[in-house]
Amino acid sequence: MEESAQRRERLKAMRMEASQEDATFNTDHSAVNLSNPLIESTTNSQITSQSFNYYTNPMAAYSGNKRSQVSPQMTQDYSSTPQRPRTNKTLPSPSLQPHINELPNPQMQQPPGHYANPNYSSNPPRSSNLPSPSWTGNGPQSRSYCGPGGIDFPILKTHFTSGSGQPGYPSPHFTNSPGHGSGRGYPSPEPNFSNSPSHGSGQGGYPSSGPNQGRGYGLGFKNNMTSGPSSGRGRGRGRGRGLGHNHLSAEDRPDRFFNTSMLEDPWKFLEPVIWKPLKKQWNPYSHRAKVSESPRQSSLAEVLAASFNEASNNAE
Amino acid sequence: MKIAIEGCMHGDLDNVYATLLHLQEVERTKIDLLICCGDFQAVRNEEDLESLSVPPKYRSMNSFWKYYSGEKVAPFPTLFIGGNHEASNYLWELYYGGWAAPHIYFLGFAGVVKFGSIRIGGLSGIYKSHDYHLGHFERPPYNSKDIKSVYHVREYDVHKLMQVEEPVDIFVSHDWPLGITDHGNWKDLVRHKPYFEEEIRDRTLGSKPAAELLEKLKPPYWFSAHLHCKFAALVQHGDGGPVSKFLALDKCIPGRNFLQIIEVESEPGPHEIHYDEEWLAITRRYNSIFPLTMKRSNFGGKKLDMEDSRQWVRSKLQSRGTKPFEFVGTVPCYNSSQAGASRSFSGHNRNPQTEALLQFLELPYVLDDSEPAESSISRDPIGYDSEDGGIEDVDEIQLPEDDDE
């Protein structure tokens, strides 16, 4: 019991000694404590004016190990060229060439919007005027051709014309097609087809977000021109249903195939870009070498770092 | 004149025509012409499937044979070029162009025709550098290599098109001109087709000869297919120069952008497909150097005087007229009741349309010529193999792989 009482006394003495040392340490080192910038703005600004920490360093985002940069050992000289993982692969820029604002008048005009035929109502469909096969036998040599299998193959005249007032032009109803007779009540075509994939049209903008397709295999190539997590070159294996064509027939459901975008001007949101002559521009086999030797483009972080340095130099 | 443009047909004529007829009805308009940008698959019977470069499980008759037989009639004049999935034996019969079926005209391996006052040119096939300088050496029945090379674009055909001096209004190629992605919203394209990114970055996406033709011909419209997506671009040929409107389209699947209607100024109808005088003159002038073997040919500096040939053709057309020779069937048509019956390939057929045209131009028939001695000349195996791993395989081997997209 005596030993126990002595041990308690000894531990108590040690705790008191330790608490006295803590008080002394905190007092001696309070000047170098990291200050809270939200509370001690004045003090903090004096500190940061003398150094350069992670939060004012745009290049820190490009460092592979952020934790090492928040350590007090970070003593980089930001007047030097920032370091970051480098890639020799760059995407071509579509805006390298000058844009022309006005379309020269091409030889043919592209009218905007829908293509309502003013003559349509005055020329109702002639559903019975489909050109019917007429096996007449007046071919190029005025004879019937005997196929290699010994089967007489008739010759079909191919007088097929179109245009207003031209007799015999096919009507909107394909009367020869089984199951597609006139009077069928097709649903109205919907501009936004329900199961239409999102690609194709949509020329009007360059959305900067959206995941990548999530298929294919990545090349480890990350670029700053698309916002997806990475770019991949996919073969798309295993995605098909096994047969090439859907079983849905446009003769039964043409509305599933038709889209009003088929009538819209696909170039309306584009501006012409001047064509570079092939001899100057295209040499695929030497281009790869050129790419690797070409100076890399400045990233946003590099631009910000350069701006910071420039501002610092001006301040001095 | 309203012209419908379609991307890859893949033998799906029924659905494309039905969609266009529906479009005419709901939009109360009238389509004057349908242009298809390749992979037409003019398969007449099961024998033709042997010349179709797709995996056997995808060898399907689809619907062209109905129009070939006369069971159905194309509701619109239809003009098409070849792609990389074709009944190549049949297209070879019609190398110079001709009616593949009533009202369905094949533009030829290369060709220019007139439809009304509109001049339409086209180049069939896809570009592969390792076969570009070779002649047309492939003959049906095709072996496993020839069935894939027969549709590769050849310099000879491009060189003929480069001789065209008069304005072409519309040009059609199956694969896209190289570099065309710089002239449209390529970011949007890459977002939906991310596997194109490397080709775009390396500037290898597309056909170099098609780009050369775009640069030379400067047509107001250029249409393509092949990559199964819609992509628009505007190309300006120099400061203040003319603009080419480029559009690539998808294949015929519900909800996909496989059709586009454009309106072009033209003279009042009636409109029909006609021979083009300048193109026939070029065809006649260059037929003497038609390369028919594997031997590499060099046409780079070969520019023949055209004036005499032009006058000669003009005189002939004035006396005969410019309408193409009539459609003639050359093989029995598919019979669905006898599907799967044993068949033997009958080899090359001399198509009477082609014979008639060559007779008209006073040219010899050479499409069944072969020179066995040339077969010892081999292609560069390194180049052939290395390039077959390119983007072409995406569509060639896995034709329907993105049907669900």
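For clarity, every value in this text was computed on a predicted model and none was experimentally measured. Each chain gets a letter, A, B and so on, in the order the sequences are listed, and its residues count up from 1.
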Nearest heavy atoms of [X] and [Y], plus distance in Å:
X      : Y      : value
B/P254 : A/L248 : CG-CD2, 3.7 Å
A/P266 : B/A232 : O-CB, 3.4 Å
A/P254 : B/A18  : CB-O, 4.1 Å

Is there side-chain contact between [X] and [Y], with heavy atoms separated by less than 4.5 Å?
X      : Y      : result
A/W267 : B/L247 : yes
B/N257 : A/S261 : yes
A/N259 : B/L259 : no
B/F258 : A/M262 : yes

Under 4.5 Å from a heavy atom of chain A, the part of [X] involved:
X      : answer
B/L249 : neither
B/A233 : backbone
B/Y105 : neither

Atom [atom1] in [X], atom [atom2] in [Y]: separation rounded to 0.5 Å?
X      : Y      : atom1 : atom2 : value
A/F257 : B/D12  : CZ    : CG    : 6.5 Å
B/E215 : A/L278 : CD    : CG    : 4.5 Å
A/L270 : B/N185 : CG    : CG    : 7.5 Å
B/T19  : A/D255 : OG1   : CG    : 9.5 Å

**Request:** Ignoring hydrogens and angles, tell me if any N or O in the side chain of A/E251 forms a donor-acceptor pair with the backbone of B/N15 under 3.5 Å.
**Result:** no

**Asked** Is there a donor-acceptor pair closer than 3.5 Å between any side-chain N or O of B/E27 and the backbone N or O of A/L263?
**Response** no

**Criterion side-chain contact (heavy atoms from CB on, under 4.5 Å) on B/D182 and A/W275, from CA distance to verdict** = CA-CA 9 Å; B/D182 281 354; A/W275 180 263; over 6 Å; no

**Fill in**
For B/S60, the side chain to side chain contact (heavy atoms under 4.5 Å, CB included) test, sequence neighbours excluded, returns B/N62

**Prompt:** With sequence neighbours left out, what residues match B/K66 under side chain to side chain contact (heavy atoms under 4.5 Å, CB included)?
**Reply:** B/D14, B/S63, B/E71, B/K72

**Request:** Could you check whether the rings of A/F258 and B/H22 sit parallel, tilted or perpendicular, using 30° and 60° as the cut-offs?
**Result:** perpendicular

